[in-house]
Trainee: 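Pasting in a structure now, in structure tokens, and then I'll have a few things to ask.
FYI, side chains are in, hydrogens and waters are out, and symmetry mates aren't considered; it's all heavy atoms of this structure. Atoms within a ligand are numbered from 1 in the order they appear, just like the ligands themselves.
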Amino acid sequence: MHYTGTIIRPPSEADSILLQVTTGCSHNRCTFCGAYKDTPFSIRDDTTILEDILEARSFPVWQDKVFLCDGDAMILPQKKLIYILDMIRKHLPHITRAALYANAKSISRKSDKDLQELYQRGLKMVHLGLESGDDSTLASINKWGDSESIIRESKRIIDSGMQLFVTVLSGIAQKERSLIHAEKTGTALSRINPRFVGALTVMPVPGTVLYDQLRNGSFILLTPEEILLELKTMIACTDMSSGYFYANHASNYLPLRIKMPRGKQLALSQIEDALSGRTSLKPEFFRGL
Ligand code: SF4
């Protein structure tokens, strides 16, 4: 396979064939993200992509999903994405679904008809970072778009038939806006009503703007207790009709896997137990990204 730079995929795509169709991220400005700092955005040529698809024919058949890398493959022109999905269906007929990362910017460039066409050609899952439902927080981290635009574009993905996995970031709003961030993020998630939510806890990475802000004192991390209080508020404000709210990423202090809506109350009491010291938290040295 032809890989350039660091290949990143969501945890749920661990068994997927990783097909790099772009390098980097066309936005590449989020302050917390160091994923593609050294990898300029580019679009892979058709020949290279086809060679990788043909090579994947020798992979085990239990690898029946494809993840299209890198950071926002939805930005590809519609004709190119259709070509890639068609080549996957032609040469890897056992593949049950393709997935990719998208953001509000790349989705906004597709019409509803485009999105439905992608779904019909096998794009079944989109991973999108909301990070926060609070516009002030989104502006402070240089996310593309405001909460309304991210909610709108997220809902268009769901309306097309695709499943949506939305990630949010605990601790990104610092102490002053922590609970506002939690409430507004819960409200945004309720309006989107995705199939999956993944809550991560911020860990500044060297080389990012956020890391520099941490070092110069303009960004201050929350304590584990403040993170838990924020997460508790976020979950309390999140009303999903079905699906899962995961907070079991390696960066989190208290692993939670919530089946919505019925598991919500149990999760809130588990956080309460941790806040009152009845449950111990993950030690700092076990956390990671
Ligand atoms: S849109 Fe995603 S990949 Fe691109 S800089 Fe932001 S977090 Fe990183």
Trainee: If the test is side-chain contact (heavy atoms from CB on, under 4.5 Å), which one of K110, H127, E153 qualifies with M74?
Mentor: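 So the option named by the test is K110.
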
Trainee: Has N28 got a side-chain atom pairing as donor or acceptor with F41's backbone, closer than 3.5 angstrom?
Mentor: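 No; zero donor-acceptor contacts below 3.5 Å.
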
Trainee: Whether the H2 and D52 side chains hold a donor-acceptor pair (N or O, under 3.5 Å, no angle test) is what I'd like checked.
Mentor: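 Their side chains do contain a donor-acceptor pair, which is all the 3.5 Å distance test asks for.
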
Trainee: Which residue owns the protein heavy atom closest to atom 6 (Fe) of ligand 1, what's the atom, and how far is it?
Mentor: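 Among all protein heavy atoms, the one nearest atom 6 (Fe) of ligand 1 is C30 SG, 2.3 Å.
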
Trainee: Tell me, please, if H27 has any N/O/S atom, main chain or side chain, under 2.8 Å from atom 6 (Fe) of ligand 1?
Mentor: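 It does not; every qualifying atom lies at 2.8 Å or beyond.
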
Trainee: Find all atoms of ligand 1 within a distance of less than 4.0 Å from any non-hydrogen atom belonging to C25, and give their numbers and elements.
Mentor: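 Counting atoms of ligand 1 from 1, those under 4.0 Å from C25 are 1 (S), 3 (S), 4 (Fe), 5 (S).
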
Trainee: Of all the atoms in ligand 1, which lie at a distance below 4.0 Å from a heavy atom belonging to F32?
Mentor: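 Those atoms are 7 (S).
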
Trainee: Would you find more than 12 non-hydrogen atoms of other residues, nucleotides or ligands less than 6.0 Å from R278 atom CZ?
Mentor: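 Yes, enclosed.
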
Trainee: Any side-chain donor-acceptor pair under 3.5 Å between N193 and S241?
Mentor: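 Yes.
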
Trainee: Give me the nearest non-hydrogen protein atom to atom 2 (Fe) of ligand 1 as residue plus atom name, then the distance to 0.1 Å.
Mentor: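 For this ligand atom, the closest protein heavy atom is K143 NZ, 4.4 Å.
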
Trainee: Heavy-atom contacts with N28 under 4.0 Å: which atoms of ligand 1 show up? List them by number with element.
Mentor: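 Close to N28: 4 (Fe), 5 (S).
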
Trainee: For the pair D114 and R109, find out whether any cationic side-chain nitrogen is under 4.0 Å from an anionic carboxylate oxygen.
Mentor: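 Not counted as a salt bridge, because no side-chain N and carboxylate O are separated by less than 4.0 Å.
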
Trainee: Are any N, O or S atoms from C33 nearer to atom 8 (Fe) of ligand 1 than 2.8 Å?
Mentor: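 Yes, since at least one N, O or S atom of C33 sits under 2.8 Å from atom 8 (Fe) of ligand 1.
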
Trainee: Are Y101 and F67 close enough that their ring centers fall under 6.0 Å?
Mentor: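 Between Y101 and F67, the centre distance is under 6.0 Å.
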
Trainee: With the threshold set at under 4.0 angstrom, would you say Y36 reaches ligand 1 through any of its heavy atoms?
Mentor: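 Yes, Y36 has heavy atoms under 4.0 Å from ligand 1.
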
Trainee: Considering only heavy atoms of R29, which atoms of ligand 1 have at least one such atom less than 4.0 Å away?
Mentor: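 Close to R29: 5 (S).
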
Trainee: If you count the atoms of ligand 1 from 1 in the order shown, which ones are under 4.0 Å from a heavy atom of N103?
Mentor: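 Those atoms are 1 (S).
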
